[in-house]
Amino acid sequence: MAKIVTIEEAVALIPDGATIMVGGFMGCGNPLKVVKALAESGKGNFTMICNDGSMLGGPSGEEFYGVAQLIHNKQIKHLIASHVGLNPEVATLMNSGEMKVTLIPQGSLAEMIRAGGAGLGGVITPTGFGTLVEEGEHIAGQIEIDGKRYLIEKPLRADVALISGYRVDKKGNIWYKGTTRNFNLPMATAADLVIVEADNLVEVGEIEPENVMTSCVFVDYIVDGGNA
Amino acid sequence: MDKALIKPFIAKRVAKELHDGDVVNLGIGLPTLVPQYLPEGVELTLQAENGTIGVGTLTEENKDPYYMVDAGGKPTIAAPGGSYIDSCTSFGLIRGGHVDATILGALQVDEKGNLSNWIIPGKMVPGMGGAMDLVVGARKTIVAMEHTQKGNHKILKNCTLPYTALNCVDMIVTEMAVIEVTPEGLVLTEYNPEFTVEEVQAATEATLIISPDLKPMC
């Protein structure tokens, strides 16, 4: 059963230099309050696995939306993502050598995280075959099966996963709203420590078992995002 | 051709390739114009790789930008009967051949159907996002783009930019022509009568095979 902690306690659980996964897509589904607190913590040297670098300019005019703040603060030494085009600061930091960037096809990235959480040794995918992706450190090799060529991608795991749930019960069961399920769902399974930010913290039973999208068994800590 | 008419012209021709009930993924820019030109009676299920199946009509009232965005990070909404899914399921849908067509732009396409559209080394490195999975997994990959880039060839013998995927393009639609990728090479099946076949060939580095059924576009 997950434990409810304050946002400060949650940030204290994230060590300097940790490999962190952050759920979301272009900021949508980033755990915004936990990420903001992490940005203000002064911690850094993180390897961050996130689909993207979010973007500059959030829905309410936030200057640096979601994980874009961590990138802007230079708290990330290595970003593993599929798309970084909507946050021009990523290219700037990459070109200046201040941040290493590894680009992985989005579907492979999702599946590598799923494999990391599901105890699989890798992902065999046709995506990226014959391209620069073959040269990545995340590639374990190639294989031909029934005449078709595939890349073997290594699984991905993290020390800490930062997840966002719209409705989270006090045991840690999660229901995601809209498109925020994206990378939150696989990432919640693929880290040693999983912290979920609950936009709405609800009583156990308020999410019917049929509607639990991430079971509480994957979740270690809950932060009350305070919208309930 | 009048610059302002090029994109609608291409979108209108691409629309004819789609069938009622098709599951379709549209790239950003020009491809998003395609739905407005669908023939009567053709309804698509639009899929967005970050997790929407069945994109609906966005209004001021239903928009919820913190919770529902499209693959470009802009507000979106699922249509009645649509659904929201996670990224693993979404790319399973894509790689698994459940998407009938993906329509996207290109920097370069070559005569083997190889596609380059995700990186200009040293200049533009946005990342491949979902493009590599889409062109590998979709049943049909249609490149919708202007025939040349400021007079430079984009339809080449061999791509010079890093590949998005090999042998993945099925059809190229431009303001000048419709070209099908076949094992024999690029077949010119339709041309815009504003241009001659010679002009189309001159704007194309790869040698075009002229279809015996060559006809005017649209």
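Chain naming here is simple, since letters A, B, ... match the order of the sequence lines and numbering starts at 1 in each.
- Neither the backbone nor the side chain of B:Asn114 comes within less than 4.5 Å of any heavy atom in chain A.
- For the atom pair CE of A:Met187 and CG of B:Asp86, the computed distance is 12.0 Å after rounding to the nearest 0.5 Å.
- The minimum heavy-atom distance linking A:Cys28 with B:Val69 is given by the pair CB-CG2, 3.6 Å.
- By the neighbour-count criterion of 12 heavy atoms within 6.0 Å, atom CD of A:Glu144 is densely surrounded, having more than that number from other residues, nucleotides or ligands.
- Looking at A:Glu111 and B:Cys88, their side chains come closer than 4.5 Å, going by heavy atoms from C-beta outward.
- Counting non-hydrogen atoms of other residues, nucleotides and ligands closer than 6.0 Å to CD of A:Glu137 gives a total of 12 or fewer.
- In this structure, the separation between OH on A:Tyr65 and OH on B:Tyr66 is 5.5 Å, given to the nearest 0.5 Å.
- Although no hydrogens or angles enter the test, the distance criterion places no donor-acceptor pair under 3.5 Å between the side chain of A:Thr179 and the main chain of B:Gly51.
- Summarising the local packing, NZ of B:Lys7 is surrounded by 12 or fewer heavy atoms from other residues, nucleotides or ligands at distances under 6.0 Å.
- Within 6.0 Å of atom CD in A:Glu134, more than 12 heavy atoms from other residues, nucleotides or ligands are found, so the atom counts as buried in its surroundings.
- Summarising the geometry, atom CE belonging to A:Met213 is positioned 12.0 Å from atom CD1 belonging to B:Ile85; distances are rounded to the nearest 0.5 Å.
- Judged by distance alone, with hydrogens and angles left aside, the side-chain atoms of B:Asn50 form no donor-acceptor pair with the main-chain N or O of A:Phe25 at under 3.5 Å.
- Both the backbone and the side chain of A:Ser108 come within contact range of chain B, judged by heavy atoms closer than 4.5 Å.
- No more than 12 heavy atoms of other residues, nucleotides or ligands shown are found within 6.0 angstrom of CD1 on B:Ile28.
- Under the 3.5 Å distance criterion, the side-chain polar atoms of B:Ser87 are left unmatched by any main-chain donor or acceptor of A:Gly107.
- Only the side chain of A:Glu62 comes within contact range of chain B, with at least one heavy atom under 4.5 Å from a heavy atom of that chain.
- Interface residue A:Val133: only side-chain heavy atoms are found under 4.5 Å from chain B.
- Remark: side-chain polar atoms of B:Arg95 are not paired, donor with acceptor, to backbone N or O of A:Thr127 under 3.5 angstrom.
- In this structure, the portions of A:Ser60 lying under 4.5 Å from any heavy atom of chain B include both its backbone and its side chain.
- Proximity to chain B (any heavy atom under 4.5 Å) is restricted, for A:Ile104, to the backbone atoms N, CA, C and O.
- Separating the CE atom in B:Met128 from the OG atom in A:Ser82 is a distance of 7.5 Å, to the nearest 0.5 Å.
- For chain A, the nearby part of B:Thr164 is the backbone; its heavy atoms alone come within less than 4.5 Å.
- The shortest non-hydrogen separation linking B:Leu166 to A:Gly130 is CD1-CA, 3.8 Å.
- In this structure, CG on A:Leu132 lies 7.0 Å from CE on B:Met132, to the nearest 0.5 angstrom.
- The number of heavy atoms from other shown groups lying within 6.0 Å of NZ (A:Lys36) does not exceed 12.
- A distance of 11.0 Å separates OG in B:Ser90 from CZ in A:Arg181, rounded to the nearest 0.5 Å.
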- Begin with the C-alpha distance, continue with both residues' side-chain angles, and end with the deciding distance and a verdict on side chain to side chain contact (heavy atoms under 4.5 Å, CB included) for B:Thr89 and A:Leu185. CA-CA 10 Å; B:Thr89 307; A:Leu185 190 104; 5.7 Å; no
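- There is a side-chain donor-acceptor pair under 3.5 Å between B:Tyr67 and A:Asp199.
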